[in-house]
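For reference, the structure discussed in these notes is given below.
Everything numeric in this text was worked out from a predicted model, so none of it was measured.
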Amino acid sequence: QVQLVESGGGLVQAGGSLRLSCAASGSTFSTYKMAWFRQAPGKERELVAAISRSGGGTEYGDSVKGRFTVSRDNAKKVVYLQMDSLKPEDTAVYFCAADRRLLPSSVSSSYNYWGQGTQVTVSS
């Protein structure tokens with residue numbers, strides 16, 4: 001099992017940047033694919049970014065391509081989400097997710113382990 005704790009959320013003006021971190025417990029972090037999802041009020045949870053076990057493969061939601069960057073440090077057991085050029089529509093609770101199964105990375109049901117979420121609010 002793995003436990004996930006997100007940090008780094010907050011309030012930022014449009015056009016600004018934030019970096020989210022997700023720290024994982026356990027000794028087998030490198031065997032988990034990782035992802036960031038977000039959920040805004042009244043909306044479904046959506047993929048923001050996913051990253052492969054080695055970090056060599058990444059996938060992004062269409063609305064964040066070119067603005068967000070996902071990375072991981074397997075030695076530190078941390079996955080990051082660098083968010084630049086933030087827009088008010090990026091406002092949501094951001095969740096870190098992990099799983100070891102060979103399932104599509106973009107689907108929330110592919111992940112068994114979730115953090116508690118961190119709020120990101122972008123003001124206009």
Side-chain angles (χ1 to χ4, degrees):
Q1 287 191 351
V2 64
Q3 292 185 329
L4 306 172
V5 178
E6 303 98 333
S7 61
L11 174 64
V12 64
Q13 288 188 331
S17 298
L18 279 176
R19 188 175 83 155
L20 304 183
S21 298
C22 173
S25 65
S27 60
T28 57
F29 178 71
S30 61
T31 66
Y32 289 84
K33 67 177 189 281
M34 303 294 297
W36 290 95
F37 285 80
R38 68 186 182 187
Q39 188 164 19
K43 294 188 177 181
E44 293 188 355
R45 192 167 294 191
E46 65 172 354
L47 174 74
V48 176
I51 188 165
S52 64
R53 293 159 181 79
S54 68
T58 57
E59 180 179 0
Y60 295 92
D62 289 341
S63 61
V64 307
K65 285 179 181 177
R67 300 187 298 122
F68 291 10
T69 304
V70 63
S71 61
R72 66 188 294 165
D73 185 330
N74 284 344
K76 295 182 178 179
K77 302 178 188 177
V78 180
V79 62
Y80 303 100
L81 182 68
Q82 178 66 40
M83 305 186 295
D84 298 318
S85 302
L86 282 160
K87 304 175 181 179
E89 50 264 44
D90 294 318
T91 296
V93 178
Y94 284 69
F95 298 90
C96 177
D99 206 280
R100 298 164 105 173
R101 297 172 294 172
L102 295 177
L103 295 173
S105 298
S106 62
V107 181
S108 61
S109 59
S110 296
Y111 297 86
N112 264 337
Y113 303 101
W114 293 83
Q116 81 288 352
T118 186
Q119 177 70 46
V120 171
T121 302
V122 184
S123 63
S124 57

Side-chain heavy-atom pair M83, V12 within 4.5 angstrom cut-off: no
If you group Ile, Leu, Val, Met, Phe, Trp and Tyr by side-chain heavy-atom gaps below 4.5 Å, do V78 and Y113 land in one group? no
Compare every heavy atom of T91 with every heavy atom of A40, then report the nearest pair and how far apart it is. CB-O, 3.7 Å
Taking atom CG of L18 and atom CD of Q82, what is their separation to the nearest 0.5 Å? 8.5 Å
Are L81 and W114 joined in one hydrophobic group, where the rule is that I, L, V, M, F, W and Y side chains link up if heavy atoms are under 4.5 Å apart? no
CA sep, side-chain torsions, deciding dist, call: Q13, L86, side-chain contact (heavy atoms from CB on, under 4.5 Å): CA-CA 8 Å; Q13 288 188 331; L86 282 160; over 6 Å; no
Look at the rings of Y94 and F68 and say which category their plane angle falls in: under 30° parallel, 30 to 60° tilted, over 60° perpendicular. tilted
What's the spacing between T121 OG1 and L11 CG if we round to 0.5 Å? 6.0 Å
Heavy-atom closest pair, residues V2 and A24: CG2-CB, 3.7 Å
Between the CD atom in E6 and the SG atom in C22, the distance rounded to the nearest 0.5 Å is 5.5 Å
Kindly give the heavy-atom pair with the smallest separation between Y111 and A50, and that separation in Å. OH-CB, 3.9 Å
Approximate separation, where rounding is to 0.5 Å, of M34 CE and N74 CG: 9.5 Å
Could you pull out the closest heavy-atom pair between S110 and L103, with the gap in Å? OG-CB, 3.4 Å
Could you tell me which non-hydrogen atom of F95 sits nearest to which non-hydrogen atom of Q39, and how far apart they are? CE1-CB, 4.2 Å
Side-chain heavy atoms nearer than 4.5 Å, only ILVMFWY residues, links allowed to pass through others: does that put V70 and V93 together? no
Just to verify, what does K43 make a salt bridge (charged side-chain N to carboxylate O under 4.0 Å, His left out) with, not counting sequence neighbours? none
Go through the side-chain N and O atoms of R67 and S85 and say whether any donor and acceptor fall under 3.5 Å apart. no
Validate the cation-pi geometry between K76 and F29: distance from NZ or CZ to the six-membered ring centre under 6.0 Å, angle to the ring axis within 45°. no
About how many Å separate SG of C96 and CG of L20, when rounded to the nearest 0.5 Å? 9.5 Å
Take R101 and N112 through the side-chain contact (heavy atoms from CB on, under 4.5 Å) test and state the conclusion after the steps. CA-CA 9 Å; R101 297 172 294 172; N112 264 337; 3.7 Å; yes
Is there a continuous path of hydrophobic side-chain contacts, each under 4.5 Å between heavy atoms, that joins L4 to V120? yes
Tell me which pairs pass side chain to side chain donor-acceptor pair (under 3.5 Å) where either residue lies in residues 46-59, with sequence neighbours left out. R38-E46
For the CH2 atom of W36 and the OH atom of Y80, what is their distance to the nearest 0.5 Å? 10.5 Å
Shortest non-hydrogen contact between S105 and F37, atoms and distance: O-CZ, 4.2 Å
Does Q3, at its CD atom, have more than 12 non-hydrogen atoms belonging to other residues, nucleotides or ligands within less than 6.0 Å? no
